Amino acid sequence: MRDLDTPLRIAVLISGTGSNMVAIAEAIEQGRLNAKIVCVVASNPRAKGIAKAQEMGLDTMVFTPDDYAKSTAEVERTMVRAFRNAEVDYVIMAGYMRKCTATLLLAYPNRVVNLHPALLPAHKGAHAIQDAFEAGDKVTGITIHLANMEYDEGPIIYQREVPVLEGDSLEDLETRIHAAEHEAYPWVIGKLAEDKVHLHGDHCVID
Ligand code: GRF
């Protein structure tokens, strides 16, 4: 059992802008979140978040699409080795556009967390904000859940509704979704750090 006074050690997995990774890092810096980002992993050398992570002095690990094409298992074995060396408690996916497989999930059972920009099980997949917008949903939102072998499934830890307002453009909705994510993800990671998230059967409960 982790001493709850010590920061939760997290690896953050990204593929793109990394704004959620930055929001988590800022929450830590501002003393709102008792955690430490020990590694930022990018699935693509073009991910803009890599430079942001490096500017913040964080360790980075970068894979290429070729690495995944050759062997996703090998990519994940490399991650697991690095995470074990760095004593990672939780793996935090923040816009990581790759499906985690057994190699990573079995090494960190119920300790891989995903962020999805819709109210799962609605609008699974890579275009969830656009899908909700085009479906004419009046309410969409965000989901933070434990990752399992099925993409965008796994026990839900937290959801927050985000309204789609009359006259919204897709960009307006994206901005509102991202603002909700940037607030909620550090908060949920804080609950993990306080050991207040518990799995009862298939359901997560926050104390
Ligand atoms: C977020 O909207 C997240 O929900 C989705 O990808 C986006 C990543 O944004 N899976 P960023 O890279 O954190 O800016």
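The structure presented is a predicted model; accordingly, all values stated were derived computationally and were not measured. Read the numbers this way: they start at 1 and go in the same order the structure lists the ligands and their atoms.
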Could you check whether Glu26 and Gln30, counting side-chain N and O atoms only, form a donor-acceptor pair closer than 3.5 Å?
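Gln30 vs Glu26: no donor-acceptor pair found between side chains.
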Do Asp172 and Thr175 have side-chain N/O donor and acceptor atoms under 3.5 Å apart?
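No, no side-chain donor-acceptor contact under 3.5 Å.
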So, does Leu115 sit close enough to ligand 1 that a heavy atom of it is under 4.0 Å from the ligand?
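Flag set, Leu115 near ligand 1.
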Please determine whether a side-chain nitrogen of the Lys or Arg among [X] and [Y] lies less than 4.0 Å from a carboxylate oxygen of the Asp or Glu.
X: Lys124; Y: Glu153; result: yes
X: Glu183; Y: Arg176; result: no
X: Lys52; Y: Glu55; result: no

Got Glu87 and Val38 here, is their nearest side-chain heavy-atom distance under 4.5 Å?
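Not in contact.
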Would one find an N or O of Gly18, backbone or side chain, under 3.5 Å from an N or O of ligand 1?
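It does: an N or O of Gly18 is found under 3.5 Å from an N or O of ligand 1.
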Nearest protein heavy-atom contact for [atom]: which residue, which atom, what distance?
atom: atom 9 (O) of ligand 1; value: Asn20 ND2, 3.8 Å
atom: atom 14 (O) of ligand 1; value: Ser19 OG, 2.5 Å
atom: atom 8 (C) of ligand 1; value: Gly95 CA, 3.5 Å
atom: atom 4 (O) of ligand 1; value: Glu181 OE2, 2.4 Å

Within ligand 1, which atoms have a heavy atom of His178 less than 4.0 Å away?
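Counting atoms of ligand 1 from 1, those under 4.0 Å from His178 are 1 (C), 2 (O).
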